[in-house]
Amino acid sequence: MIQKIDSILILDDDASFRSTVGGVLQQHGFTVLEADSAKAANAIIGQTEPALVIVDYHLPGTDGVSWISQVREQGRKFPIVFVSADWCDQKTFNWLRNILRVSLILNKPIVADLFWQQVETLLPTPAEKPRPSEIEEEEASNEAMVIIEKLLSTKAYDAEEIEKLVESVTSAMELLEILRPLEVKYRLKKQMALASGNYVKQLISDWQRLNQLVQHAQRDVSDRMIRDEAINASHKIAGSAGTYGFAEVGLKAKKIEELLKAFDPSDTLQEVLWNEIFRCLADGESMAYAAMGEVSEGDAERQCSSQFLLVGAEDRYRKYVHDLNLEFCTNIVVSSSVAGALAKAKKTKFDGAILDLTGDNRKRTLALSEDLRMLHGASQMPFAFVCEPNLPLSSSEAVLYGSSVEIELPIDADALQSAFGRLYAIAQADRKRVLVVDDDPVLSGFVRTILGNEGIYVETLETPITILEKLSEFRPDLVILDVMMPGLSGYDVCRIIRASEFSEVPVLFLTSKSSTDSRTAAMQAGGTDFLPKPVVAPDLVARVSNHIGSSSVSDSVARDPGSGTLERSQFMDYANNILELVKAQERKEILTVCIVSFDDYLRLSPLHSNFSVSRAVETLGQTLQSHFRAHDLKGRWSEDSFVLAFYGQSKDTIQAALQTLLEKFGELHFPSDALGNFKATFSAGIASYPDDGRNIQDLLSVANRRLITGSSVSAGRVTL
């Protein structure tokens with residue numbers, strides 16, 4: 001059987017589809033073989049093995065999945081593009097990708113221009129690279145001038161060196177290919193020193209894996225799937241290495257990718273091609289090891305997106321802190337004493353804290369959580385508490401002291417990373433949010449590091465088929481999409497976004513393709529902007545900042561100036577939103593609300609002056625604000641009352657927490673202009689969904705009635 005590297009089989013009973021897709025492929029120099037049934041397709045592949053097969057799901061007498069299963073059982077290894085008018089579910093998607101080894105899954109209707117961009121990387125590279133158009137040359141010239149100005153301004157090169165560089169090339173495109181990696185190397189050197197030191201270890205590992213794949217592909221030249229894996233591996237290295245400043249390694253990987261794509265099993269000069277591939281592999285490996293020797297973590301001061309405080313024995317946590325800092329691009333400051341931790345917090349604004357309650361410091365460390373929250377700007381600080389298995393926080397303690405995450409001894413690296421991830425996510429809740437969809441975790445990590453240093457909260461997604469679920473969960477202000485990903489291209493992901501409730505979210509494409517056609521394809525798919533790889537940090541930050549500024553993000557939070565709690569209207573908006581989420585849960589969830597009222601406000605004001613009593617009321621609000629979890633709602637309800645809302649907490653738990661807080665508040669002394677210091681108490685009424693009402697207004701009415709009933713009996717009562 002002869003493999004035709006320029007032939008493509010289209011298996012679809014829709015003649016118009018075959019004509020449209022075939023026309024696109026023929027324009028790019030490929031021979032198109034058409035089959036309207038599985039039988040006709042079997043006859044074709046019995047005579048020749050095409051370079052690519054495009055299969056529709058609905059076929060006469062069978063379906064595309066069954067046909068693909070049959071040809072895979074026969075040992076056929078050609079790449080396959082699966083096409084369907086209906087989006088497949090995740091189970092089917094995983095079956096096609098992981099079991100049947102389908103290269104790409106596309107949704108009908110097919111857009112001709114997008115289609116070529118999606119399948120291009122699965123096809124052999126044309127023997128002769130087309131000359132760049134005048135428009136491409138003009139764009140390349142403009143971009144080259146911008147990069148030259150940056151290199152001169154950073155003194156990475158002097159004018160004479162740049163002049164020699166320009167004279168050494170014959171086109172703007174060629175110059176641009178040289179300038180881009182130089183810009184990455186010099187503009188990111190300070191900011192990315194630590195990340196580069198970490199990445200180079202991954203680069204060596206990835207290069208060794210690429211070497212193994214290439215050796216396997218040489219031993220069995222008929223195994224197209226292994227060769228495709230090697231192409232994909234080299235493609236990822238080319239993008240990531242260039243982005244992290246190892247431009248020469250990236251160019252070697254790109255060369256290997258091009259050579260593998262140009263490979264023809266029937267060519268009598270195979271040995272020459274393999275020699276060139278292995279020469280590139282050897283050169284790239286030497287460069288990678290040389291890079292490891294050159295990069296040092298001390299080359300630059302570490303820049304982090306956030307700061308966290310860890311209060312506990314340094315010996316217990318030392319071996320975990322380094323990995324957490326790298327994983328989340330953060331800086332965890334460890335203090336072994338409560339006093340030292342408070343001193344550090346007075347000098348540095350922390351985004352959250354991990355507090356170890358084990359040993360003899362439980363009571364003092366719980367008190368530290370209150371002290372930390374009372375510091376300026378720290379009232380919403382989230383906490384994670386480390387507890388002994390036999391002495392966990394009670395449910396009311398967890399709510400009162402603001403435990404968003406709990407960690408149980410003995411410390412486990414995976415459990416600690418998971419717990420810190422939840423704490424980190426809570427701490428980032430008010431930041432601008434960017435979702436990076438890319439199957440290359442190295443490049444995603446780069447983007448997260450760069451944007452994190454700009455105060456932006458970044459999450460990544462490596463499985464694009466779950467994009468809608470991730471959007472619902474994360475609700476980003478911007479999506480960054482890689483174009484070429486296994487199974488589902490960035491173009492189709494963008495089309496899914498545009499057809500969903502998130503259609504207005506800006507989408508920024510990242511791609512190694514920089515041609516005019518690529519830009520056009522990105523825009524036709526619904527993209528907002530386009531950024532070529534290797535990614536340049538200043539350009540990335542500028543583009544993202546521009547689009548986040550224009551996206552429909554929420555307005556700044558309205559807060560009561562005296563207590564720091566939410567204003568009444570803001571509280572109601574948030575509480576209604578939370579209740580809608582509670583109602584949408586499949587399992588039964590609860591939402592508990594309560595009204596907290598300062599006791600005897602009208603009686604105390606004439607005795608101690610309105611100013612003194614108003615200050616006492618504000619202290620009550622500040623006390624409420626400095627307790628409870630970061631995601632619990634605390635609002636100003638009236639002149640002498642506040643309102644709270646707790647997701648997933650029972651009335652009994654909230655009653656116990658408020659009772660403890662009431663005792664603490666009752667011990668405070670407030671200055672009086674007339675009669676010396678005075679003490680005060682508060683009363684509260686509690687109600688919960690669904691038992692006491694189906695909307696926020698009804699719940700607050702019930703809570704208010706219980707407040708009035710309880711306080712009519714005596715002051716300082718928390719009533720269910």
Side-chain angles (χ1 to χ4, degrees), residues 188 191-199 201-202 240 243-244 297 300-312 314 316-335 341 344-345 348-356 378 380-386 403-407 411-438 440-462 470 473-478 480 537 540-541 544 630-631:
L188 300 181
Q191 187 177 11
M192 293 302 300
L194 182 62
S196 295
N198 186 53
Y199 165 71
K201 302 170 188 175
Q202 180 68 40
S240 299
T243 295
Y244 277 93
E297 293 187 6
E301 181 183 354
R302 177 171 171 79
Q303 298 187 26
C304 305
S305 60
S306 56
Q307 300 246 47
F308 284 80
L309 177 65
L310 196 161
V311 184
E314 188 172 355
R316 173 178 286 174
Y317 298 99
R318 184 185 296 112
K319 64 181 179 180
Y320 304 115
V321 167
H322 177 73
D323 290 341
L324 290 175
N325 282 338
L326 286 177
E327 174 68 20
F328 295 95
C329 189
T330 190
N331 184 37
I332 299 175
V333 176
V334 181
S335 175
K344 286 180 170 65
T348 303
K349 184 181 183 302
F350 291 105
D351 296 278
I354 301 174
L355 307 179
D356 192 326
Q380 294 296 101
M381 182 188 294
F383 297 129
F385 288 97
V386 180
S403 175
S404 296
V405 182
E406 291 183 36
I407 306 166
I411 296 294
D412 173 79
D414 292 337
L416 183 61
Q417 184 181 59
S418 176
F420 185 78
R422 297 198 299 275
L423 184 70
Y424 182 88
I426 294 168
Q428 311 303 316
D430 291 334
R431 297 188 178 193
K432 297 295 180 66
R433 308 160 80 84
V434 170
L435 175 63
V436 181
V437 185
D438 195 324
D440 184 354
V442 175
L443 190 58
S444 296
F446 173 86
V447 175
R448 184 168 64 184
T449 299
I450 294 299
L451 297 183
N453 286 329
E454 301 298 318
I456 297 170
Y457 179 30
V458 179
E459 283 201 3
T460 61
L461 178 66
E462 295 182 24
K470 188 64 178 180
E473 170 197 333
F474 185 54
R475 309 193 77 82
D477 300 306
L478 173 76
I480 296 178
L540 174 66
V541 172
V544 169
H631 56 279

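Heavy-atom basis, side chains included; hydrogens, waters and symmetry copies ignored. Just so it is clear, the model here is predicted, and its values are computed rather than measured.
Of all heavy-atom pairs between Gln307 and Val333, the closest is OE1-CG2, 4.1 Å. Minimum interatomic distance between Gly352 and Met381 (heavy atoms only, all atoms of both residues): CA-CG, 3.6 Å. Closest non-hydrogen pair, Lys470 versus Glu459, comes out as NZ-OE1, 2.5 Å. The two residues Ser335 and Ala341 have their closest heavy-atom pair at OG-N, 3.1 Å. Heavy atoms only, all atoms of each residue included: Phe350 and Ala345 are closest at CE1-CA, 3.7 Å.
Phe420 is listed as a side-chain neighbour of Phe308, based on a closest heavy-atom distance under 4.5 Å. Using a 4.5 Å cut-off on side-chain heavy atoms (C-beta onward), Leu451 and Ile480 make contact. With contacts defined as side-chain heavy-atom distances shorter than 4.5 Å, the pair Val544/Lys432 does not qualify. The side-chain heavy atoms of Tyr317 and Val386, taken from C-beta on, include a pair separated by under 4.5 Å. Using a 4.5 Å heavy-atom threshold, the side chains of Gln417 and Phe328 count as touching. Taking the side chain as every heavy atom from C-beta outward, Ser404 and Arg422 never approach each other to under 4.5 Å.
Considering CG of Leu309 and CG of Asp351, their distance stands at 11.0 Å, rounded to 0.5 Å.
Between the Gln380 side chain and the Ala630 main chain, a donor and an acceptor come within less than 3.5 Å of each other. Side-chain N or O atoms of Asp438 include none that pairs as donor or acceptor with a backbone N or O of Thr460 at under 3.5 Å. Proximity of a side-chain donor or acceptor of Ser418 to a complementary backbone N or O of Asp414 within less than 3.5 Å is not detected.
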task = Please lay out, stage by stage, how Arg316 and Asp356 fare under the test side-chain contact (heavy atoms from CB on, under 4.5 Å).
result = CA-CA 10 Å; Arg316 173 178 286 174; Asp356 192 326; 2.7 Å; yes
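For Tyr457, the ring-ring contact (aromatic ring centres under 6.0 Å, His included) criterion is met by Tyr424, Phe474, not counting sequence neighbours.
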